[in-house]
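Okay, so here's the structure we're looking at.
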2 protein chains.
Amino acid sequence: MVVDLRKVAAASGVSLSTASRALSGSGRVSAATRERVRQVAEDLGYRPNALARGLRTNHSRLIGLVITNLVNASLHVIAEVVHDRLKASGYHLVLCITGDDAGEERAYVETLRDHNVDGVLVVGSDDEAVQSLRETDIPAIHLARRPRRPAGDCVLGADIEGAREATRYLLGLSHQRIAVVAGPPAVTSGYERLAGHRLALDEAGVPYRDDLVFQGPLEPAWGAEAAARMLALPEGRRPTAVLVTNHEAAFGLLPALRERGVRIPGELSVLCYEDADMLRWWDPGITVMDNNAARMGDLAVSLLLDRIVANPGSTGQTPTEYRVGAQLVIRQSCVIAES
Amino acid sequence: MVVDLRKVAAASGVSLSTASRALSGSGRVSAATRERVRQVAEDLGYRPNALARGLRTNHSRLIGLVITNLVNASLHVIAEVVHDRLKASGYHLVLCITGDDAGEERAYVETLRDHNVDGVLVVGSDDEAVQSLRETDIPAIHLARRPRRPAGDCVLGADIEGAREATRYLLGLSHQRIAVVAGPPAVTSGYERLAGHRLALDEAGVPYRDDLVFQGPLEPAWGAEAAARMLALPEGRRPTAVLVTNHEAAFGLLPALRERGVRIPGELSVLCYEDADMLRWWDPGITVMDNNAARMGDLAVSLLLDRIVANPGSTGQTPTEYRVGAQLVIRQSCVIAES
DNA sequence: GCGAATTGTGAGAACGTTTGCGCATCTTCG
DNA sequence: CGAAGATGCGCAAACGTTCTCACAATTCGC
């Protein structure tokens with residue numbers, strides 16, 4: 001037995017419209033009736049129908065989160081932070097996992113539109129998908145990845161600066177031959193982290209060597225492969241340190257190194273971009289450049305909510321780009337190179 | 001510029017209702033008009049408004065997932081599986097993270113009702129929360145945890161049987177003193193895993209010793225604490241194996257053991273209930289009793305969808321309880337006890 | 001104490017669908 | 001060939017809100 005506004009109105013001896021005004025708080029109602037209606041509504045356990053309200057007002061208090069997956073450590077942190085922040089503002093989260101499939105991403109964005117979501121957060125890269133958002137004036141924020149043609153502000157990691165600082169740290173420990181396990185150049189964060197690394201090398205006047213850069217898909221398997229390859233280098237050209245540009249690759253690299261009996265940090269210093277539970281608990285604890293995923297999620301929600309409440313017609317402006325700084329967390333996996 | 005059904009109807013020179021019927025497929029429309037309307041709808045990029053449809057038909061094609069958190073490894077696996085299965089059936093997921101707070105849980109269930117979700121999956125334990133679901137005939141399935149008074153079928157792990165088998169395995173390796181890091185008795189899975197352990201001991205005629213049972217909150221901190229306490233036992237009463245009843249506790253226990261220089265499995269065999277990335281990559285690889293979280297999520301979705309399409313008035317029957325079997329995954333952390 | 005401004009309330013239209021009902025038109029068969 | 005059934009279509013009501021408008025009742029200014 002579901003009680004609607006009409007019943008509340010009837011029970012408080014008032015018209016439908018006054019009942020609505022009394023509860024919504026907007027519009028002119030006498031204090032007395034307002035209180036009475038409120039009381040009746042509570043007694044009857046009235047709950048406004050979100051669909052009807054959404055249909056009328058054109059906003060659903062739902063926010064779509066389009067995300068590639070949930071298993072990746074940074075991503076479920078982001079999902080949880082986003083959820084919590086939205087909840088605090090009275091919004092709810094519709095979760096859309098795309099598996100990095102552009103088709104899925106597009107389909108999801110359409111469905112979210114169908115459901116009249118008030119805004120969308122996108123962790124993904126497909127360009128076409130977000131295009132339809134621009135058209136409909138649904139505010140969108142890009143998170144962690146930047147499409148070539150964004151539909152809204154982008155919240156990204158300060159990847160260049162972070163990788164630069166990471167490499168500086170290793171250089172400061174007298175490492176000269178630093179390997180890099182890097183992502184494919186297509187993904188901006190992968191490209192930028194490598195660029196930052198190179199920048200630091202250039203500053204220090206240390207030569208950039210192609211044979212120390214292992215560029216491939218950032219998955220455990222590739223991390224393991226990279227480990228094998230760098231150990232196969234001849235004695236004098238083998239790296240004394242390695243910068244792994246994401247934690248998935250590290251998940252493969254570290255066990256591979258251990259299997260081969262490589263001592264960390266004695267024989268090889270390891271620094272990983274992005275933190276993860278496993279890196280903290282590894283033996284030895286892995287020094288990381290934390291990309292602050294939680295802060296990125298937080299900022300993205302703030303921007304989205306601003307856009308929603310503030311100016312509905314604000315799309316079309318060139319979106320601004322925010323960079324959340326990374327942070328070096330020193331553990332035990334990096335040590336001064338033996339000269 | 002959003003195009004609604006009226007525009008489609010006008011453009012195809014047909015009334016609103018025929019347009020609706022043509023697209024929905026139900027009702028009598030001539031093949032010719034149907035095709036024409038379909039074509040026009042596609043050309044115009046018509047997308048039905050989910051809110052309006054939901055308001056009319058009373059179903060939203062949204063499913064609520066009420067879950068305690070996402071950080072726990074089993075849980076984000078469940079979330080992802082559930083999402084994928086629902087997507088395949090044309091449903092979308094509204095994610096509600098409760099942080100194990102009964103109040104939040106209740107609030108969420110109410111909000112989901114407001115949004116006319118077609119069903120709810122609950123990973124949580126609050127009894128009152130789900131009560132309101134019974135009243136409204138919204139199908140609900142409980143997942144991983146069983147409340148005292150469930151609102152629908154429960155999909156649980158076969159915890160007694162799993163723990164029994166795990167302990168049997170350790171007994172088979174000639175361990176006589178097996179420690180258990182167990183959860184609080186209030187949570188059924190915690191209680192049952194301990195019970196299964198005890199069952200196996202009884203079968204084998206091995207005495208159950210209170211001082212080997214470390215019951216507390218299943219968090220890393222408690223795992224570490226348990227490690228400290230079991231090592232503090234006098235020589236002859238120290239365990240030769242330990243059964244950790246969830247992976248969170250293991251995250252604390254394992255580093256604590258390593259810090260103290262305990263060799264695994266030489267000095268202590270370790271078996272953990274529930275699998276996790278970190279346990280696979282630990283050195284040595286930790287033997288686990290995998291609770292098959294993914295299969296639980298899968299089953300729960302199947303049951304929920306059945307309930308939705310089949311019989312709307314089927315609540316009120318005593319809910320049935322499904323048990324998904326656990327599976328022993330042998331790695332390197334358990335070895336025959338020295339006698 | 002009278003017109004003007006202010007305040008409280010209700011009637012009713014919208015939001016975009018789905019669907020029951022009735023009316024034509026077309027087939028079918030004795 | 002006429003009645004009965006099938007078929008294709010449109011009208012209009014409903015789903016549960018919000019919100020504009022109009023009207024009555026009250027207060028205010030001079």
Side-chain angles (χ1 to χ4, degrees), chain A residues 1-38 40-41 44-62 110-111 113-118 136-137 312, chain B residues 1-38 40-41 44-62 110-111 113-118 136-137 312:
Chain A
M1 194 52 214
V2 63
V3 33
D4 60 3
L5 191 54
R6 186 146 75 221
K7 295 208 181 81
V8 175
S12 19
V14 97
S15 84
L16 194 61
S17 30
T18 7
S20 171
R21 275 188 295 254
L23 294 177
S24 74
S26 74
R28 301 171 307 201
V29 198
S30 76
T33 26
R34 163 171 302 143
E35 197 39 50
R36 184 156 39 94
V37 175
R38 283 238 170 100
V40 170
L44 262 51
Y46 167 70
R47 308 225 76 203
N49 180 314
L51 261 44
R53 174 180 286 178
L55 179 60
R56 183 64 232 259
T57 61
N58 240 328
H59 58 74
S60 58
R61 302 205 76 84
L62 292 178
E110 292 300 312
T111 313
R113 266 182 50 184
D114 296 346
H115 281 272
N116 262 1
V117 294
D118 293 346
T136 28
D137 268 351
Chain B
M1 195 50 215
V2 65
V3 33
D4 60 3
L5 192 53
R6 186 146 76 221
K7 294 206 183 82
V8 175
S12 16
V14 97
S15 86
L16 194 59
S17 33
T18 13
S20 170
R21 276 189 288 256
L23 294 177
S24 74
S26 75
R28 301 173 306 203
V29 198
S30 78
T33 29
R34 165 171 302 144
E35 195 40 48
R36 184 158 37 97
V37 174
R38 284 240 170 99
V40 170
L44 263 52
Y46 167 70
R47 308 226 78 203
N49 181 313
L51 262 45
R53 173 179 286 177
L55 178 59
R56 185 62 233 260
T57 62
N58 240 329
H59 57 75
S60 57
R61 301 205 76 84
L62 293 178
E110 293 299 312
T111 314
R113 267 182 50 182
D114 296 347
H115 281 272
N116 261 2
V117 293
D118 293 345
T136 27
D137 267 351

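Every chain is numbered from 1 and lettered A, B, ... according to where its sequence line falls, protein lines coming before strand lines.
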Using the side-chain heavy atoms of [X], tell me which of these nucleotides is nearest: [options].
X     : options               : value
B:S20 : C:dT19, D:dC9, C:dG12 : C:dT19
A:R28 : C:dT7, D:dC9, C:dC15  : C:dT7
B:S17 : D:dT17, D:dG8, C:dT19 : C:dT19
B:V14 : D:dG10, C:dG8, C:dG10 : D:dG10

Rounding to a whole Å, what distance do you find between [X]:[atom1] and [N]:[atom2]?
X      : N      : atom1 : atom2 : answer
A:N49  : C:dC15 : CG    : C1'   : 13 Å
B:H115 : D:dT17 : NE2   : P     : 13 Å
B:L16  : C:dG20 : CG    : C1'   : 15 Å
B:H59  : D:dG16 : NE2   : C1'   : 17 Å
B:N116 : C:dT17 : CG    : P     : 17 Å
B:L51  : D:dG16 : CG    : P     : 14 Å
A:L23  : D:dG16 : CG    : P     : 16 Å
B:E35  : D:dG8  : CD    : C1'   : 17 Å

Tell me whether the side-chain N/O atoms of [X] come closer than 4.0 Å to OP1 or OP2 in [N].
X     : N      : value
A:T57 : D:dC19 : no
B:S30 : D:dC9  : yes
B:S15 : D:dG10 : yes
A:T18 : C:dG10 : yes

Inset, instruction - State whether the distance check finds a donor on one side and an acceptor on the other, under 3.5 Å, for side chain A:R53 versus base D:dG16. - result: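 Flag unset: no donor-acceptor pair detected.
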
For residues [X] and [Y], determine if any side-chain heavy atom of one lies less than 4.5 Å from a side-chain heavy atom of the other.
X      : Y      : result
A:T111 : B:R61  : no
B:R38  : B:L23  : yes
A:S60  : A:D118 : yes

Inset, instruction - With DNA chain D as reference, determine whether A:A52 or B:R21 sits nearer its 5' end, using the nearest nucleotide of each. - result: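 It is B:R21 whose nearest nucleotide is closer to the 5' end.
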
Legend entry - Earlier contact from the 5' end, DNA chain D, for B:A19 and A:R47: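 Looking at DNA chain D, the more 5' nearest nucleotide goes with B:A19.
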
Inset, instruction - Could you verify whether a donor N or O on one side chain and an acceptor N or O on the other, from A:S17 and A:S20, lie under 3.5 Å apart? - result: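 No - no donor-acceptor pair under 3.5 Å links their side chains.
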
Inset, instruction - Report which part of the nucleic acid B:T33 touches: base, sugar-phosphate, or nothing (heavy-atom distance under 4.0 Å, all strands). - result: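 Here B:T33 touches the backbone only, sparing every base.
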
Legend entry - Residue that, paired with A:V37, satisfies side-chain contact (heavy atoms from CB on, under 4.5 Å) out of A:L5, A:V29, A:T18, A:V8: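 Among the candidates, only A:V8 passes.
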
